[in-house]
Amino acid sequence: MKKISIIIPFWKYLNYLKECFSSLKESTFKDFEVILVLDHVTEDITSIIPEGIDVKFVNLNEKQGCAAARNEGIKAATGEFIYFLDSDDYVLDDTLELLVNAIQGEEDIVYGTIKNTWNNKANFLDKQTKQEESNDSEDREAELEEKENARQEKIDNYVASLPLGSNIEKELAIYFLERNRKGIRNFTVLGNLYRRSFILENDLKFHEEFRYYSDMTFMCPALENVHKATRCKDSVYVKRKHNDPINKPALWQEDNENRFEERCKAIGYTRTLIDPQGTVRYFIDMKFAHFATNTMAKKIRRSKDNKWRKEYFDTIVPYLMDSHPQVLDNIGSQNKKILMAFMAGDVQKVQKAVRFKLGKKKLKSIFKNKNINTLYKLAYYHVYLKKPIKENVVLFETFMAKNYSDSPKYIYEALVKEYGDKFTCVWAINNGAEIPYGAKTVKRFSFQYAYYLAVSKYLVFNVRQPLWFRKREGQVFVETWHGTPLKRLVFDQEEVTSAAPKYKQQFYRQRLEWDYLVSANPFSTKTFRSCFMYDGPMLEYGYPRNDIMYYPNKDEIALELRKKLGIPANKKTILYAPTWRDDESYGSGKYKFTLALDLQLMKEELGDEYVVLLRTHHYIADNIDTTGLEGFVYNLSKYDDISEIYLISDICITDYSSVFFDYANLKRPILFYTYDIEKYKNQLRGFYISMQDEVPGPLLMTSEEVVNAILNIDQIKEQYAQRYEEFYNRFCSYDDGHASENIVKEVFGKNK
C-alpha cells in the first residue's frame, strides 16, 4: 500500500497539469500514487505524464465538477493518507516529505502552509530566493522576528482563551485551517494530509451540488471530528492563480451568476453537518458575516446592478439571521451596524451604514495618510464625470507623462498644422517641458488631469490609460501604442513574469475603451488583434513617430541636434538602446537594468572614430553610471524624442527592443547584442519572429563581438543586405512620412 494517494481532478488547461505533474516528479518523497480524475476530458494527456509516477485514471461518467471528482478519487484511493492537489497547482520538492516526517502517531490530519502565486514553479522559486536574500540584513531579520513574535502571541492568546479541558491540537487545527484563512474561498482542503481511515469513518465527502464552495462541506465536519492533528508550517502547497482569467479562468475566476446563491446554500447545508454552538460553526458564520458587511455591502452601495439591493439582499437575510450568536458580540462596531441592518431586512439602512463606513475610511486615507490620490479620484467620479464633454478638447499623453515625444507628439503637431486653433490641446507632462504651439499642460494624477480625462472629447495616448479612467459615451480614445512587437504581449504570453500579475485582466478591460489603434505594418495589425484581443478600427498608416525619418529636411534636423547635444562633428555615432527585462524589477511597474555592454572596451577600441549615444527604455528606473566615459558616452535616456536620436545615429545596437523596427526606416546598420537570448526567449516572453533568421543584423553575445562587428561594419552591411531589404519591405511598408496627417484627417476630420 502506498503511503499517500494524491487526488487530482482535471477538466482542462494541459499546460497547468503538466507543471503539476512535473512538480510531483521532482518530489523527494516517492511513496505515492496519483488518482487522476478526468472530468469529461477529450484531450490526450498521456504524453505529459512523467515516467515513474504511478497514475490511476478515473473517469467521471454521469457526474461532473471538482466535488464529484474528489469524491470519486477518495473511492479509488488505497494510500494510508490522502492529499488533494488541484491540477493547476504544484508542490515544492520537499512538500510531501515534510508532511510525512511530521507524523508522530495516529494523526487524523497533518496540515501545512499554502502560498499563492501567479507564477510557474521556476519563477516562484526565483522570487523566493530573491526575497530570502533581501531578508539577510540585520534590520530585515529584526523586522521579521518581530512579526513572527506578534503572530505567536496571537496564537498563545487564542490557546489561553480556550476552556479548560479543550483538545488543543484540534483547536489549533481549527485556528490555522479555518479562522486564519481569510474569506470563505480560502477555507480549503488543500495542503493537508488526511488519514484515509479518518475520512471513511466519518463519511467525509464534498457536496456535489456545489461547484465553487464544496470545500467547506468537507472541511467543517472534518474539523468537527478531528482528534489528533499536527502542524507542519514548512510544508508548502503552491496555489497558482491564473493571470489570464479571460481565456483561461481558474474555477474561482469564473463569471457565474449562480455563485452568490450557491455561497448561501453551501453555508446553509454545512451548518447541518456541525454543532450549531461549536467553534467550527462560529468561525464559518463569522466569515459569512464579513462577506456580507464588506464585499456585499459595497456592492449594495456602488453597483449599478439592482439585484444586489433586491434578489441577492432578500436571499442572504435569512442565512445571516441564523448566525452563531457570538458573531454579533465579536464583530467590529461599524460592521455590527451593517450586519444588524441586514438582519432587519432594511437595505436602505445598510446603504447608510456602509456609506458612513466608506466615508470614514476615505477621510482617514486623505488626512492621516495624506493621500491626495483619493481626493482627485473623488472629484473625477463625483464631480467631473457629471460635466458636459468639451467637443474640441484633446488630451495627449506619452509614456505616463514623462515627456513630449512619440506618436502623440507628431499627431499633435499635425493637428495644429491642419486645423490651427480649432482644437484646444492639453498635454499631460510631468517634467516641466514646454509644449509648442501654446498647448496647455497638466501634471499626471492631479485635479486638472482628472478633469480633462473626464471632459475631453478626444484622448491620444501611447500607453494604457489609468485603471480608474472610465470612458464616457461620446469620448474618442486613440491608442497609438509604442512599437512593433518583437516580444510576445499580453494574451499571447503564456506567463506574465513582470510585477503586475493582473496585467491581462486589466488590459482586457482597458482595451475595450479604445476607439482606434495605430498599426505600423500588416504584421502589427495581425499581432495586435491577437495579443490585445482587439477587434476595433485600425489606423494602418505607419507610426507617426517615424514621419520625421522621411522629412525632406531630416539632414538639417540631424545637424542641428548634433550641435545642440555637443557631439563632435568628426565622430560617427553608435546608438545603444537596450530594452528592459520582465524579471528585473523593484516592484510593480519599477524596473531595473544591468548594463552588460563593456563601454570601457568600446572606448578603447572605437573612441578615435565613434561616440556612443546611450538610450534606455522608459520603464527603467536606474541612472546608468557613465563615470570615466565622458566625451565618449552621451547618456540620452532622458532626451524626450528617440526618433530625433535615430537621425543622428550611424549604427544602432539593440537587443529585443522595438527600436530596430523603426530604425530600419533609415536603412542604416543594426547590431543585436543578445547575450541573454536563451533566457529571454525561453523563460521570459518569447518572440514573434525568429531572431536568428529574420532580424536585419547579426546576433552578438559578447562586447568583443560587438566591437569587432563595428570595426567591420561594411562587411556586415553587405552580408545582411538581402535580409535587410526583406525586413524593410515587411515592417516599414506603411511608413511614408504622412502617418500623422492621415490619422488626423480620419479621426478629427469627421467633425470638421
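Rounded to the nearest 0.5 Å, atoms CG (Asn119) and CG (Asn243) are 8.0 Å apart. Rounded to the nearest 0.5 angstrom, Phe461 CZ and Phe477 CZ are separated by 5.0 Å. Atom OH of Tyr663 and atom CG of Leu647 lie 9.5 Å apart (nearest 0.5 Å). Interatomic distance, CZ of Arg668 versus CD1 of Ile713, reported as 13.0 Å (0.5 Å rounding). The CG atom of Asp234 sits 8.0 Å away from the CG atom of Asp94 when rounded to the nearest 0.5 Å. Atom NZ in Lys440 sits 10.5 Å away from atom OG1 in Thr424 (nearest 0.5 Å).
A donor-acceptor pair under 3.5 Å links the side-chain atoms of Ser637 to the main chain of Thr616, judged by distance alone. Side-chain atoms of Ser446 come within 3.5 Å of backbone N or O of Lys443 as a donor-acceptor pair. With Tyr646 contributing its side chain and Cys652 its backbone, the two residues share no donor-acceptor pair below 3.5 Å. Checking side-chain atoms of Ser23 against main-chain N and O of Tyr90 turns up no donor-acceptor pair under 3.5 Å. At least one donor-acceptor pair closer than 3.5 Å links the side chain of Lys603 to the backbone N or O of Gly628. Between the side chain of Asn149 and the backbone N or O of Glu145 there is at least one donor-acceptor pair closer than 3.5 Å. At least one donor-acceptor pair under 3.5 Å links the side chain of Ser690 to the backbone N or O of Asp693. Remark: side-chain polar atoms of Glu609 are not paired, donor with acceptor, to backbone N or O of Lys572 under 3.5 angstrom. A donor-acceptor pair under 3.5 Å is formed between the side chain of Asn431 and the backbone N or O of Lys402. Looking at Arg444, its side chain never comes within 3.5 Å of a backbone N or O of Ala401 through a donor-acceptor pair.
At most 12 non-hydrogen atoms from other residues, nucleotides or ligands lie less than 6.0 angstrom from CG of Asp608. Counted within 6.0 Å of NZ on Lys717, heavy atoms from surrounding residues, nucleotides or ligands total 12 or fewer; the atom is thus considered open. Few gaps surround NZ on Lys241; more than 12 heavy atoms of other groups in view lie less than 6.0 Å from it. Crowding of Glu146 atom CD: a count of heavy atoms from other residues, nucleotides or ligands under 6.0 Å not exceeding 12. Residue Glu148 places its CD atom among more than 12 non-hydrogen atoms of other residues, nucleotides or ligands, all under 6.0 Å distant.
Using a 4.0 Å cut-off between charged nitrogen and carboxylate oxygen, Glu143 and Lys147 count as a salt-bridge pair. Lys409 has a carboxylate O that lies under 4.0 Å from a charged side-chain N of Glu644, or vice versa, which qualifies the two as a salt bridge. Arg723 and Glu726 are not joined by a salt bridge, as no carboxylate oxygen comes within less than 4.0 angstrom of a charged side-chain nitrogen.
In this structure, the side chains of Leu629 and Val612 stay at 4.5 Å or more apart for every pair of heavy atoms. The shortest distance between side-chain heavy atoms of Tyr458 and Val747 falls below 4.5 Å. For the pair Arg730 and Ile689, the minimum side-chain heavy-atom distance is below 4.5 Å. Contact annotation: the side chain of Lys121 approaches that of Asp93 to within less than 4.5 Å [non-hydrogen atoms, C-beta and beyond]. Contact annotation: the side chain of Asn462 never approaches that of Ser407 to less than 4.5 Å [non-hydrogen atoms, C-beta and beyond]. Considering only heavy atoms from C-beta on, Pro466 comes within 4.5 Å of Leu453 through its side chain. A 4.5 Å side-chain heavy-atom check between Glu560 and Lys563 finds at least one atom pair inside the cut-off. Here the side chains of Pro544 and Val518 are in contact, with some heavy-atom distance below 4.5 Å.
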### Message
Apply side chain to side chain contact (heavy atoms under 4.5 Å, CB included) to residues Lys130 and Ser134 and explain how you reach the verdict.
### Response
CA-CA 6 Å; Lys130 290 178 180 178; Ser134 70; over 6 Å; no
### Message
Run Glu19 and Asn15 through side chain to side chain contact (heavy atoms under 4.5 Å, CB included) and show every step you take.
### Response
CA-CA 7 Å; Glu19 177 90 9; Asn15 59 315; over 6 Å; no
#### Entry: Intermediate values then yes/no, ring pair (Phe, Tyr, Trp, His ring centres under 6.0 Å), Tyr720 and Tyr724
CA-CA 6 Å; Tyr720 285 88; Tyr724 206 132; 9.1 Å; no
### Task
Please report the C-alpha distance between Leu559 and Asp555 in whole Å, then the side-chain angles of each, then the deciding distance to 0.1 Å, and finally whether the side chain to side chain contact (heavy atoms under 4.5 Å, CB included) criterion is met.
CA-CA 6 Å; Leu559 183 61; Asp555 293 335; over 6 Å; no
### Task
May I have the step-by-step check of side chain to side chain contact (heavy atoms under 4.5 Å, CB included) for Tyr576 and Met602, ending in yes or no?
CA-CA 12 Å; Tyr576 180 40; Met602 293 183 69; over 6 Å; no
#### Entry: ring pair (Phe, Tyr, Trp, His ring centres under 6.0 Å) assessment of Trp514 paired with Phe469
CA-CA 12 Å; Trp514 300 349; Phe469 170 74; over 10 Å; no
### Message
Assess the residue pair Tyr534 and Phe528 against the criterion (ring pair (Phe, Tyr, Trp, His ring centres under 6.0 Å)); give the C-alpha distance rounded to whole Å, side-chain angles, the decisive distance to 0.1 Å, and a yes or no.
### Response
CA-CA 7 Å; Tyr534 177 78; Phe528 287 162; 8.7 Å; no
### Task
Go through the steps to decide whether Thr579 and Lys487 satisfy the test side chain to side chain donor-acceptor pair (under 3.5 Å), and finish with yes or no.
CA-CA 11 Å; Thr579 192; Lys487 297 162 287 191; 2.8 Å; yes
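Here the shortest heavy-atom pairing between Ile574 and Leu606 reads CD1-CD1, 4.1 Å. When all heavy atoms of Ile429 and Asn403 are compared, the closest pair comes out as CD1-C, 3.2 Å. Closest of all the heavy-atom pairs between Val490 and Cys531 is CB-O, 3.2 Å.
Donor-acceptor pairing under 3.5 Å is recorded for the side chains of Asn120 and Asn123. Side-chain atoms of Ser530 and Asp492 form a donor-acceptor pair, as typed in the model, at a separation below 3.5 Å. Looking at Asp650 and Thr573, their side chains do bring a donor and an acceptor atom within 3.5 Å of each other. There is a side-chain donor-acceptor pair under 3.5 Å between Tyr449 and Glu397. There is a side-chain donor-acceptor pair under 3.5 Å between Asn521 and Ser524. Judged by distance alone, the side chains of Glu704 and Asn708 never bring a donor and an acceptor atom under 3.5 Å apart.
Under the ring-ring contact (aromatic ring centres under 6.0 Å, His included) rule, Tyr404 has a single partner from Phe396, Phe399, Trp427, Tyr410, which is Trp427.
Taking the six-membered ring for Trp and thresholds of 30 and 60 degrees, Phe660 and Phe727 have ring planes inclined between 30 and 60 degrees apart. Below 30°, between 30° and 60°, or above 60°: for Tyr437 and Tyr412 the angle between ring planes is between 30° and 60°, a tilted geometry.
The side chain to side chain donor-acceptor pair (under 3.5 Å) analysis of residues 538-550, with sequence neighbours excluded, yields the pairs Asp406-Arg545, Thr525-Glu540, Glu540-Tyr734, Tyr541-Glu746, Arg545-Asp662, Asn546-Asp662, Asn546-Asp735, Asp547-Ser740, Tyr550-Asn665, Tyr550-Tyr728.
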